[in-house]
Amino acid sequence: MTPPPPPMPVEVRYFAAAREGAGLTGERLDVPVGLTAGGLLALLAGRHPGLAPVLPGLRVAVNERFVPAEAALAAGDTVALIPPVSGG
Amino acid sequence: MTPPPPPMPVEVRYFAAAREGAGLTGERLDVPVGLTAGGLLALLAGRHPGLAPVLPGLRVAVNERFVPAEAALAAGDTVALIPPVSGG
Amino acid sequence: MAGVGSTGADPRSFEIVRAPIRADAVLARVRRPGCGAVVVFHGTVRARTGTRRVRYLEYEAYEPMALAQMAAVADAVCRTHGLEALACVHRVGRLEVGEDAMVVAVASPHRAAALAGVEAFIGRLKREVPIWKKEVFEGGAAWIGTPDDPQGERSTPTGAAP
Amino acid sequence: MAGVGSTGADPRSFEIVRAPIRADAVLARVRRPGCGAVVVFHGTVRARTGTRRVRYLEYEAYEPMALAQMAAVADAVCRTHGLEALACVHRVGRLEVGEDAMVVAVASPHRAAALAGVEAFIGRLKREVPIWKKEVFEGGAAWIGTPDDPQGERSTPTGAAP
């Protein structure tokens, strides 16, 4: 039995309705290696029940680019929760 | 035999290429009663040969409104020769 | 010149001027609290048209008719596109490269209407408003849109041509 | 960020600011001698949305990503529409009714391209650039586009929604 790999640090940033739902502007988390963007969202939803109403329409950006739910995260990534945008 | 009706005064205004073709900014003319806008143009073309190159595309305005060639003029009208416009 | 749901100042405003146009003043004429979209269009003297290098332009207007036609066109365009305000200032006389010949500002509750309204107003102005430009270039001059204009850019008259 | 036939200053310019936007400065960034058409669009805080009376808005941006996305969208739009210059300034923080939240200026040799380019840029900005507005109205507040926004005006995500 090999030991599990060490957890992987990621920086999470919350904006707008996600910020208010989480009650945070950001946090640093250690997550399992190989976690996807969608997996991280599920993890965050469990951790911050206030995010539930924000989940529909939420997109994820990694290092300032939108990514699909199945994108794998890497150590040191900055992951941003992007509710529906409304600039202009 | 009834005498011909007295001629009818009109004010003619020339703009842009028509002004340069006629060599005038305007003139006051006595024209036959019942003359049309098109008839006046023919009369002016004879009077000012320099207008010839300007005639294609020329429109006529009477009292600051575009009129068709067959519109009859009335005493005191202000008739403007409007070459193709190019504002903006 | 009736307003469409306007408050405050006259929602339509037209002017022909001989001095440089102050775009911020044109903008100020159309701002309205109900309007989320304001578009300002600048028609500017280009350094070249086609292959010709422009020295300067001379603009001329039949002023009372030009103002009346602008108002009539604006009336129709504001109604069709639901604009709440439209202002147009056109300059005449000698204009140098880079100067504004015309500034049009419109205000509307919505962006698409404001942009489409500007396009419609200018498209009609270029056919129906008696303003002319003479291009003075290296080696000559031409009234734009007339047969002596070697570059084309003809206007397409929509009124009656005798 | 490569220019298309530009001369002089950087033909693309993007900024997020906390103070009132100076539209004349945005305009100055896009003027070019080859451009006969300059369009300035102002996105302004409206007094009401639907039946709600707006007290004020709060704008928030993910600034580095918003600037990068603006640049990417502008690149594509300038190429598609043949624009020679595009500048966009977006304001964040508290905005009162009548204030400009965004000013976009574009320059093009031709009018239709300039107007279509503005429309395309803003259409994509409203889907792809991470900026948000919270509307504070009589009796409540809502992030526009989210499920707690009772008036709709939903954004339509084009990227992946997990």
Side-chain angles (χ1 to χ4, degrees), chain B residues 10-27 31 35-73 77-88, chain C residues 16 41-45 49 57-73 88 90-92 100-104 118 121-135 141-149 151-162:
Chain B
V10 297
E11 180 81 29
V12 182
R13 303 200 53 182
Y14 299 99
F15 290 97
R19 174 174 54 71
E20 291 183 350
L24 292 170
T25 60
E27 60 188 321
V31 299
L35 188 70
T36 62
L40 177 65
L41 262 198
L43 186 159
L44 296 172
R47 192 177 162 84
H48 304 293
L51 280 176
V54 187
L55 294 176
L58 199 71
R59 284 183 286 175
V60 175
V62 173
N63 303 330
E64 302 169 12
R65 308 193 73 127
F66 288 116
V67 299
E70 60 275 19
L73 303 178
D77 277 350
T78 296
V79 182
L81 270 56
I82 312 278
V85 302
S86 50
Chain C
I16 290 170
F41 177 89
H42 300 247
T44 301
V45 180
T49 56
L57 297 185
E58 285 280 357
Y59 276 89
E60 173 176 341
Y62 181 12
E63 297 196 16
M65 182 173 170
L67 293 169
Q69 291 283 104
M70 279 182 195
V73 169
C88 177
H90 205 298
R91 185 173 166 192
V92 294
D100 285 344
M102 178 176 76
V103 173
V104 177
V118 168
F121 178 79
I122 300 172
R124 288 189 58 179
L125 176 137
K126 284 178 174 284
R127 296 189 303 268
E128 302 175 40
V129 174
I131 299 177
W132 300 270
K133 71 175 162 203
K134 183 183 205 171
E135 202 178 277
W143 288 101
I144 302 303
T146 57
D148 66 334
D149 164 20
Q151 295 289 341
E153 196 185 330
R154 301 284 165 87
S155 70
T156 46
T158 52

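Note that the coordinates shown come from a computational prediction; the quantities given were computed from them, not determined experimentally. Just so it is clear: chains get the letters A, B, ... in the order the sequence lines come, proteins before strands, and each one is counted from 1.
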- Query: Is a side-chain donor or acceptor of S86(B) paired with a backbone partner of W132(C) at a separation under 3.5 angstrom?
  - Reply: no
One should read off an interatomic distance between E64(B) CD and E63(C) CD, to the nearest 0.5 angstrom, of 11.0 Å
Whatever's closer than 4.5 Å to a heavy atom in chain C on R65(B) counts as backbone
The interface call for E70(B) against chain C, heavy-atom contacts under 4.5 Å, is neither
If one checks every heavy atom of A66(C) against chain B at 4.5 Å, the contacting part turns out to be neither
Okay, Y62(C) and chain B: the region with an atom under 4.5 Å from a heavy atom over there is both
Rounding to 0.5 Å, atoms CD1 (I82(B)) and CD (Q69(C)) come to a distance of 8.5 Å
Practice problem: Taking the side chain as every heavy atom from C-beta outward, state whether M65(C) and F15(B) have any atom pair closer than 4.5 Å. | Solution: no
Turns out that what part of T25(B) lies under 4.5 Å from chain C's heavy atoms comes down to neither
Heavy-atom nearest pair, G88(B) first then A101(C), reads O-CB, 4.2 Å
Applying a strict 4.5 Å limit to non-hydrogen atoms, the region of M102(C) in contact with chain B is side chain
Checklist entry - Side chain of K126(C), backbone of V85(B): donor and acceptor closer than 3.5 Å? => result no
From the list A80(B), G87(B), A42(B), the residue making the most non-hydrogen contacts under 4.5 Å with chain C is G87(B)
(message) Taking the side chain as everything from C-beta on, heavy atoms only, tell me whether R19(B) gets closer than 4.5 Å to W143(C).
(response) yes
Turns out that what part of E58(C) lies under 4.5 Å from chain B's heavy atoms comes down to neither
